[in-house]
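This report refers to the structure that appears directly beneath it.
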Number of protein chains: 2
Amino acid sequence: MSSISPTLIARYGANSAPTQAALTPLIEQLLSHRSVRAYLPDPVGDAQLAAIIAAAQSAASSSNLNVWSVVAVRDADRRARLAELAGGQAHVREAPLQLVWLADLARLRRIAGQLERPSAGLDYTEMFLTGVIDAALAAQNAAAAAESLGLGMVYIGGMRNHPEEVAALLELPPEVFAVFGMCVGTPDPARPAEIKPRPPQSVVLHHERYRQDIQDDGIEAYNRAMAGFYAEQGMNVHGTWAVHSAKRIAGPESLSGRDRLVEALHALGFKLR
Amino acid sequence: MSSISPTLIARYGANSAPTQAALTPLIEQLLSHRSVRAYLPDPVGDAQLAAIIAAAQSAASSSNLNVWSVVAVRDADRRARLAELAGGQAHVREAPLQLVWLADLARLRRIAGQLERPSAGLDYTEMFLTGVIDAALAAQNAAAAAESLGLGMVYIGGMRNHPEEVAALLELPPEVFAVFGMCVGTPDPARPAEIKPRPPQSVVLHHERYRQDIQDDGIEAYNRAMAGFYAEQGMNVHGTWAVHSAKRIAGPESLSGRDRLVEALHALGFKLR
């Protein structure tokens with residue numbers, strides 16, 4: 001390749017972008033992802049939603065168990081309530097569609113019951129994790145699908161701030177957990193989002209075996225790249241990416257209530273053996 | 001749309017495919033996903049790997065913490081050992097590249113230590129879950145990227161059958177967990193894979209609130225679609241999808257050793273508070 005793709009440079013910065021990368025139009029689109037937090041009110045149509053969900057269902061599912069579901073929330077009052085529960089995020093209220101992705105063990109529990117078969121395997125943390133993974137794989141396909149339709153999206157991890165309240169609002173049965181939300185809608189061109197740099201590949205990609213020491217140079221380079229990004233965006237950010245990240249994991253008080261996740265999961269009926 | 005896309009019909013069967021779906025070339029490709037378990041020996045090149053990892057890194061990461069990593073295993077002996085650990089899956093040995101996707105809390109633990117800052121937030125199940133989700137979102141982008149390059153892939157959940165042994169083989173530090181593997185390589189045209197049907201959208205997609213009762217018709221339709229798929233593939237399968245799925249979650253003995261996941265995670269240094 002004679003020149004590096006502009007999206008690769010946006011993703012890594014000029015100094016850290018891989019010089020040889022076999023890009024396809026699909027990969028270029030994935031590289032262009034940005035988290036959209038400003039939406040126009042235009043609705044997401046049923047044909048768009050059907051395509052997004054078909055993409056989601058086309059992701060792999062562990063043993064084809066399909067232990068996930070999704071709730072599409074368009075009602076403005078319910079979106080406003082979800083926005084509050086997710087920590088007062090205005091874009092959850094603003095986006096015309098909120099997709100709440102669920103780890104869903106209830107479906108198989110019910111099916112096994114109807115067949116009068118045992119389902120004690122669902123009592124294990126492994127199956128909860130399978131539901132989370134299934135939901136995440138499906139959601140990421142949905143994200144790519146939505147973006148290919150010209151829509152914008154952003155994940156809402158804040159859906160885990162108050163799991164029981166979210167479950168009550170969406171009438172989730174026991175053993176169904178809202179893993180995260182996802183705003184979907186038309187990006188407001190007056191408030192554009194930017195591609196955020198990621199660490200150099202040397203930080204996350206290991207060959208044959210994991211190595212800690214080789215990550216340090218890349219992390220330093222990433223601190224510099226993020227400092228440049230904050231400056232470009234006119235963001236008044238103090239401290240490096242490393243310092244920010246350390247603050248975010250400092251202790252239970254920095255987890256926005258999610259330090260009580262295990263308690264919440266038990267309250268939602270998960271055994272987590 | 002005047003006619004339903006053939007990939008939509010392959011994905012749902014003729015009777016359950018959504019009649020109105022706003023498809024894009026990217027969505028069509030996601031719909032065409034199939035799990036490839038037969039590979040040619042041709043290597044996956046560095047430029048392909050760089051593009052796959054760039055796509056993976058372009059997925060969202062919770063609070064941009066990037067709490068995931070991936071080990072690319074090309075060494076034949078190591079692939080053979082991973083194949084054994086994953087339950088003797090021949091395609092793990094056969095595929096030229098195995099990507100092992102990691103929930104990685106070690107990087108932030110180390111960064112916080114270097115900065116002499118507390119990192120007790122990492123002790124919580126929430127942060128483990130964040131690592132799993134980050135890894136899954138990244139992996140699904142990698143899957144789509146690989147397929148867009150003409151490569152095939154399949155997820156290897158069996159990487160969770162023996163977490164400590166996988167960690168030892170890949171020299172993972174404490175608080176790093178192999179969430180799943182992923183075979184990547186050129187599909188063997190002599191042993192083609194097929195698109196597997198998924199449940200009708202009415203089973204997984206809910207509007208405004210979750211409902212259990214409305215899923216039953218779709219599950220019946222899915223049992224019929226899967227029976228047709230087994231017959232077409234010449235697979236001698238007894239019982240419906242529902243029966244198969246119930247067997248898979250019958251009890252701890254049906255989890256291939258993953259009933260001890262919590263014990264394994266503790267052994268790997270996760271606190272899971």
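On a predicted model such as this, the values are computed, not experimentally measured, just so you know. First the proteins, then the strands, lettered A, B, ... as listed; each starts at 1.
Under a 3.5 Å cut-off, the side chain of Gln57(A) and the backbone N or O of Pro199(B) do form a donor-acceptor pair. With Arg198(B) contributing its side chain and Ala59(A) its backbone, the two residues share a donor-acceptor pair below 3.5 Å.
Annotation: salt bridge (Lys or Arg N to Asp or Glu O under 4.0 Å) contacts of Asp259(A) (sequence neighbours excluded): none.
With a threshold of 4.5 angstrom between heavy atoms, Leu102(B) approaches chain A through side-chain atoms but not through N, CA, C or O. If you measure heavy-atom distances from Leu115(A) to chain B, the contacts under 4.5 Å come from the side chain alone. Only the side chain of Ile111(A) comes within contact range of chain B, judged by heavy atoms closer than 4.5 Å. Residue Arg258(A) touches chain B through both its backbone and its side chain, counting heavy-atom pairs closer than 4.5 Å. In this structure, chain B has no heavy atom under 4.5 Å from any part of Pro163(A). Only the side chain of Val132(A) has a heavy atom closer than 4.5 Å to any heavy atom of chain B. For a residue to count as touching a neighbouring chain, one of its non-hydrogen atoms must lie under 4.5 Å from one of that chain's; by this rule Tyr124(B) touches chain A with the side chain only. For Gln201(B), the parts lying near chain A are the backbone and the side chain together; criterion is any non-hydrogen pair under 4.5 Å. For Val262(A), the part lying under 4.5 angstrom from a heavy atom of chain B is the side chain only. For Leu8(A), the part lying under 4.5 angstrom from a heavy atom of chain B is the side chain only. Looking at Ile219(A), the atoms closer than 4.5 Å to chain B (heavy atoms on both sides) all sit in the side chain, from C-beta outward. With a 4.5 Å cut-off on non-hydrogen atoms, Trp68(A) touches chain B through its backbone and its side chain both. Heavy atoms closer than 4.5 Å to chain B are found in the side chain of Gln114(A), but not in its backbone. Heavy atoms of Val154(B) lying under 4.5 Å from chain A are absent altogether. Contacts of Leu170(A) with chain B are made by both backbone and side-chain atoms, with heavy-atom separations under 4.5 Å. For chain B, the nearby part of Gln215(A) is the side chain; its heavy atoms alone come within less than 4.5 Å. For Ile195(B), no part sits under 4.5 Å from any heavy atom of chain A, backbone or side chain.
His33(A) and Ser58(B) get closest at one heavy-atom pair: CD2-O, 3.3 Å. Residue Val203(A) comes nearest to Arg107(B) through the heavy atom pair O-NH2, 3.1 Å, listed as atom of the first residue, atom of the second, then distance.
Look at Arg78(B) and Glu208(A) and you find a salt bridge, because one of the NZ, NE, NH1 or NH2 atoms lies within 4.0 Å of a carboxylate O, short of that distance.
Thr130(B) OG1 to Phe180(A) CZ: the interatomic distance, rounded to the nearest 0.5 Å, is 11.0 Å.
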